[in-house]
Amino acid sequence: ATQAVGIWAAMSRHEEAYRDAHHVGFDEGKQRAKSREMSVSLRKEKRKEMLSLKRIRGDKDYAAAAAEHGAPGQQEEEEEVLTDEKIEEYRQEIDQIVKSLWVGVDHADLLQRLRDLLARGTVFVGMFLRTERGMEALLHHLAKSNLKLMAVWCVANIAACESDHTKEAMRASPYLITFLASGDPALMDQAAWALGNMAGDGPRCRDALLSQGAMVPLLTLLESSEARVAQSAAFALSNLMRGQDAPRAAFVEAGCFPRLCACLKRFRDNDAVLSEICWCFTFLTQNVEWAHSLLENGAVEDMVVQLHAAAHANPFPELCLPLIRSLGNMVSVSDNVASALLSGPSFLQALHAFVLSPHRYLKLESAWTLSNVCGGTKEHCAAVVAAGFVPILVAMLASTDDLRREAAFTLLNIGSRGPEFLEEIFKSDGLNGFMSLLKTLDSGLTILGLQFIELAARTVPDLSARIDELSGFDILEALAFRDNEEVRALASQLLDKYFKFDDDDVGPVDEGAAAGGGGFNF
């Protein structure tokens, strides 16, 4: 027999995309797994869209670094269409550059030109790696040349492309790790960036770099007073922490939290550095002890300040996404963190701005975070309701499927807290919103709609009439014959338990209301 719809002894919580966690509460195992898979998929997709795991540094980046470190810069070249003839011209140019790197002594202009070509992406990197002794020429300059910076830059851009290219670039990793302790800010910055690109290729490169000892010198670079050095170190560290099987405990044992928290304070006005630090936090906030460590180090308070400022910026900085996700993770594992976040108005004010923003990914992350907040205590839910989120979440039930899912989870958590909370949802036409979920082809959304109907049936005295006005019984009866076994069983159970028809077949009998008690009026 299918288990009853909805279990409300404990509240639902989402998991963060890059950690092991689980929903708790009203949702049963199969539905939790479906929601978890969708949540992971959506967040992985958005992470790739918003912030590439590998990054090429082109001419603009070089000009910025040149101004900072006193090196000669170059103007950015206009993008061109690569015809077969042009490709052949560039192939010959790269071939000549490689040959010239093996003769003479003045290779600065050659390496700079090579760097510019490699910054143009996969086609050019592929041409270079197919050139005889091309990679060996770069390794030679890493080992013996006084032009290490430009050679490292070339390696970084090679590592930013396809996996086969990164595999070739990994031949330079021992040199790069050594350069992390060189004392030259420009060289340390570029070496850390290159290592970050390598680590972003996947577990094999990540584990190889960790076995070579990349972690400790990168953590040390977080103490740098140079913003670009700290940013590149945090970028590399976040990619080394990536993946469910990443040895994150080793980073904690090596003292990453004090360094990251100090860096967060030191560069409080630098969004680029803060963004990389917060991406590290997204991977380090999956258990209670680590979340409390951030709370004790004052990082949570600092992050709320940054989140509130970001919510009032125009346009929203990229910092918003890792900030929301990190705080959402911490809320999901600790009610103490949630209470700290809700102790002042800034956190919910910021989320309010994000859920109303035109950016879908910020709406999604904010709704997910709210679902975690409402999976906490009754007081946490009350704070969310008082902040005016219920009408916004109900309106979100008519949005895209991913937003509907997060809104539904949050509203179910709110409604389960008692009649007064459920009343707030009904005041905002929440019943109509959840009924719309029953019409979708997405079985996960349909089940969430059925769960809300089951919750309301226990408390709302005139629910049958309200559902009838929305042609709801025709929908429920159709769902009782749905192909999906779980949907079919839950719809049938609702009809049998709460909406039986009387003997004269004049209408459904609302058994929840007939039982008396616990109802409320609008």
Do any N or O atoms from the side chain of [X] and from the backbone of [Y] form a donor-acceptor pair under 3.5 angstrom?
| X | Y | answer |
| --- | --- | --- |
| Ser436 | Gly433 | yes |
| Arg248 | Leu284 | no |
| Ser293 | Glu289 | no |
| Asn372 | Gly328 | yes |
| Glu223 | Arg259 | no |
| Lys363 | Ser357 | yes |
| Ser224 | Glu226 | yes |

Got a list of side-chain donor-acceptor pairs under 3.5 Å for residues 203-212, not counting sequence neighbours?
unit_1 : atom_1 : unit_2 : atom_2 : d
Arg206 : NH1    : Arg242 : O      : 2.7
Arg206 : NH1    : Asp245 : OD1    : 3.1
Arg206 : NH2    : Asp245 : OD1    : 3.2
Arg206 : NH2    : Asp245 : OD2    : 3.3
Ser211 : OG     : Asp207 : O      : 3.4
Ser211 : OG     : Ala208 : O      : 2.7
Gln212 : OE1    : Ser173 : OG     : 2.8
Gln212 : NE2    : Ser173 : OG     : 3.4

[Y] and [X], any side-chain heavy atoms less than 4.5 Å apart:
| X | Y | value |
| --- | --- | --- |
| Met135 | Ile158 | yes |
| Ile392 | His352 | yes |
| Val125 | Asn157 | no |
| Tyr175 | Val152 | no |
| Leu348 | Phe389 | yes |
| Ile414 | Glu424 | no |
| Asp184 | Leu149 | no |
| Trp193 | Gln231 | yes |

Handout entry: Salt bridge flag under 4.0 Å for residues Asp442 and Arg405
Key =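 Looking at Asp442 and Arg405, the cut-off is met.
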What are the two closest non-hydrogen atoms of [X] and [Y], and how far apart are they?
| X | Y | answer |
| --- | --- | --- |
| Thr410 | Cys374 | CG2-SG, 3.9 Å |
| Leu341 | Phe347 | O-CB, 3.4 Å |
| Leu219 | Ala254 | CD1-CB, 3.6 Å |
| Lys148 | Leu142 | CE-O, 3.3 Å |
| Thr285 | Leu294 | CG2-CD1, 3.6 Å |
| Gly200 | Asn239 | CA-ND2, 3.5 Å |

With [X] via side chain to side chain contact (heavy atoms under 4.5 Å, CB included) - residues at least two apart:
| X | answer |
| --- | --- |
| Asp164 | none |
| Val305 | none |
| Ala407 | Leu393, Met396, Leu397 |
| Glu379 | Thr377 |

Exercise for the section: Could I get the full list of salt bridge (charged side-chain N to carboxylate O under 4.0 Å, His left out) partners for Arg171, not counting sequence neighbours? Expected result: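 Per chain and number, Arg171 pairs via salt bridge (charged side-chain N to carboxylate O under 4.0 Å, His left out) with Glu136, Glu168.
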Just how far is it from atom [atom1] of [X] to atom [atom2] of [Y], taken to the nearest 0.5 Å?
| X | Y | atom1 | atom2 | value |
| --- | --- | --- | --- | --- |
| Ile177 | Leu218 | CD1 | CG | 8.0 Å |
| Arg120 | Thr122 | CZ | OG1 | 13.0 Å |
| Cys320 | Ile324 | SG | CD1 | 6.0 Å |
| Leu437 | Phe452 | CG | CZ | 10.0 Å |
| Thr282 | Leu323 | OG1 | CG | 10.5 Å |
| Phe179 | Gln190 | CZ | CD | 11.5 Å |

Exercise for the section: Go through Thr400 and Asp402 one step at a time and tell me if the side chain to side chain donor-acceptor pair (under 3.5 Å) criterion holds. Expected result: CA-CA 6 Å; Thr400 57; Asp402 51 353; 2.6 Å; yes
Practice task
Hey, can you tell me if Tyr90 and Phe124 have their rings parallel, tilted or perpendicular (30° and 60° cut-offs)?
Solution key: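 It falls in the perpendicular class, over 60°.
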Practice task
Evaluate side-chain contact (heavy atoms from CB on, under 4.5 Å) for Val333 paired with Trp290, printing each intermediate quantity in order.
Solution key: CA-CA 10 Å; Val333 298; Trp290 296 352; over 6 Å; no
I'd like to check the side-chain hydrogen bond (donor to acceptor under 3.5 Å, both in side chains) partners of [X]; sequence neighbours left out, ordered by chain and number.
| X | value |
| --- | --- |
| Thr220 | none |
| Asp302 | Lys265 |
| Ser399 | none |
| Ser225 | none |

Practice task
Would you please test Arg113 and Asp116 for salt bridge (Lys or Arg N to Asp or Glu O under 4.0 Å) and show each step?
Solution key: CA-CA 5 Å; Arg113 176 56 178 164; Asp116 294 339; 5.0 Å; no
Problem - Test side-chain contact (heavy atoms from CB on, under 4.5 Å) applied to Arg325 and Trp368, step by step - result: CA-CA 9 Å; Arg325 187 172 298 176; Trp368 167 76; 4.1 Å; yes
Practice task
List the steps and the verdict of side-chain contact (heavy atoms from CB on, under 4.5 Å) for Phe235 and Asn197.
Solution key: CA-CA 9 Å; Phe235 164 62; Asn197 281 344; 3.5 Å; yes
What side-chain donor-acceptor pairs closer than 3.5 Å can you find for residues 308-316, not counting sequence neighbours?
unit_1 : atom_1 : unit_2 : atom_2 : d
His308 : NE2    : Gln349 : OE1    : 3.1
His312 : ND1    : His308 : O      : 2.7

Exercise for the section: Apply side-chain contact (heavy atoms from CB on, under 4.5 Å) to the pair Gln451 and Phe434, showing each step before the final yes or no. Expected result: CA-CA 9 Å; Gln451 288 174 330; Phe434 274 99; over 6 Å; no
Exercise for the section: Please name all residues satisfying ring-ring contact (aromatic ring centres under 6.0 Å, His included) with His165, sequence neighbours left out, ordered by chain then number. Expected result: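 His165 satisfies ring-ring contact (aromatic ring centres under 6.0 Å, His included) with no other residue.
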